[in-house]
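Step one of this worksheet: look at the structure below.
Note that these values count all heavy atoms, side chains included, but never hydrogens, waters or copies made by symmetry.
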Amino acid sequence: DGSLVSRTLAVGADAIVASPAFLRDAPPLRVPGDLAGVECLCNSHLGDDTEWAFSRGAETVSVAVAGHFSANHFGTLREAAIAGAGVARLPAALVAEAIERGALVRLLEAYETIPTPLCLVYPQRRHMPYRNRVFRDFVVDWFADPVRAKRFA
């Protein structure tokens with residue numbers, strides 16, 4: 001839509017994670033294709049979340065995943081993964097703390113997920129309301145902080 005402005009704030013990477021308890025009973029997960037045989041947690045809000053794409057160098061591979069649990073909220077999926085419900089593909093920034101404390105384990109680190117841009121979209125107006133400008137400027141400045149930007153990479 002020509003009346004909207006889209007500004008990329010960050011490019012987010014996803015992490016493939018599962019709890020130590022889930023991994024104790026799961027088969028080894030060494031390559032993306034191994035995910036096809038295990039319980040995966042899907043985001044029902046995303047239309048393509050039953051097809052997870054990975055790359056390593058010039059190689060790209062897609063894996064059809066399935067599971068009995070889906071939700072449309074990343075926080076709910078993170079908590080389900082921590083509880084041992086399955087393997088989840090979640091924003092790396094969202095699971096960083098759980099990985100640090102050992103509640104989740106990062107899987108398939110030799111592979112990268114396809115990066116997802118995080119954009120701020122707002123109406124293009126010459127005289128944008130003050131509260132909208134303040135919000136836009138706050139969000140842009142927040143993501144401009146190198147420490148925060150690094151969490152999304």
Through direct or indirect side-chain contacts below 4.5 angstrom among Ile, Leu, Val, Met, Phe, Trp and Tyr, which residues connect to Val134?
Tyr130
Who passes salt bridge (charged side-chain N to carboxylate O under 4.0 Å, His left out) against Arg24, sequence neighbours left out?
none
Any idea which heavy atoms bring Ser6 and Val121 closest together, and the distance?
OG-CG2, 4.0 Å
How close do Ile82 and Ala98 get, counting heavy atoms only, and between which atoms?
CD1-CB, 4.1 Å
Distance col, row Gln124:CD vs Ser3:OG, nearest 0.5 angstrom, shows 8.0 Å
Inter-residue atom distance Arg7.CZ - Arg136.CZ, 0.5 Å rounding
7.0 Å
With side-chain contact (heavy atoms from CB on, under 4.5 Å) as the test, pick out the partner of Trp52 among Thr113, Val87, Ile114.
Val87
Using a 4.5 Å cut-off on heavy atoms from C-beta on, say whether the side chain of Val105 contacts that of Leu23.
yes
Taking all heavy atoms of Gly75 and all of Leu94, pick out the closest pair and write down the distance.
N-CD2, 4.2 Å
Consider only side-chain heavy atoms of I, L, V, M, F, W and Y, link residues closer than 4.5 Å, and tell whether Phe138 and Val140 are in one cluster.
yes
So, using side-chain hydrogen bond (donor to acceptor under 3.5 Å, both in side chains) as the criterion, who are the partners of Ser62 when residues are at least two apart?
none
Counting only heavy atoms not in Arg131, do more than 12 fall under 6.0 Å of its CZ?
no
Quick one, Val31 with Phe54, criterion side-chain contact (heavy atoms from CB on, under 4.5 Å). Give me CA distance, side-chain angles, the key distance, then yes/no.
CA-CA 10 Å; Val31 296; Phe54 298 88; over 6 Å; no
Can you give the donor-acceptor pairs under 3.5 Å from side chains of residues 9-21 to other protein atoms, not counting sequence neighbours?
unit_1	atom_1	unit_2	atom_2	d
Ser19	OG	Phe22	N	3.0

Look up atom CG in Leu77 and atom SG in Cys42, then write down how far apart they are to the nearest 0.5 Å.
8.5 Å
Does His68 have any side-chain hydrogen bond (donor to acceptor under 3.5 Å, both in side chains) partners at least two apart in sequence or in another chain, and if so, which?
Glu39
Please name all residues satisfying side-chain hydrogen bond (donor to acceptor under 3.5 Å, both in side chains) with Arg30, sequence neighbours left out, ordered by chain then number.
none
Shortest non-hydrogen contact from Leu90 to Arg78?
CD1-CA, 3.6 Å
What I'd like to find out is whether the side chain of Leu120 reaches to under 4.5 Å of the side chain of Phe143, using heavy atoms alone.
no
Closest non-hydrogen atom pair between Leu41 and Ala85, with its separation:
CD2-O, 3.7 Å
Within 6.0 Å of CD in Glu79, more than 12 heavy atoms from elsewhere
yes
Is the shortest heavy-atom distance from the side chain of Leu108 to the side chain of Asp34 under 4.5 Å?
no
Hey, are the side chains of Met128 and Tyr122 touching, using non-hydrogen atoms and a 4.5 Å cut-off?
yes
Look at atom CZ of Arg133 and say whether more than 12 heavy atoms of other residues, nucleotides or ligands are closer to it than 6.0 Å.
yes
Kindly compute the distance separating CZ (Arg106) from CG (Leu104), expressed to the nearest 0.5 Å.
11.0 Å
What is the minimum heavy-atom distance between Ala71 and Thr76, and which atoms define it?
CB-CG2, 3.8 Å
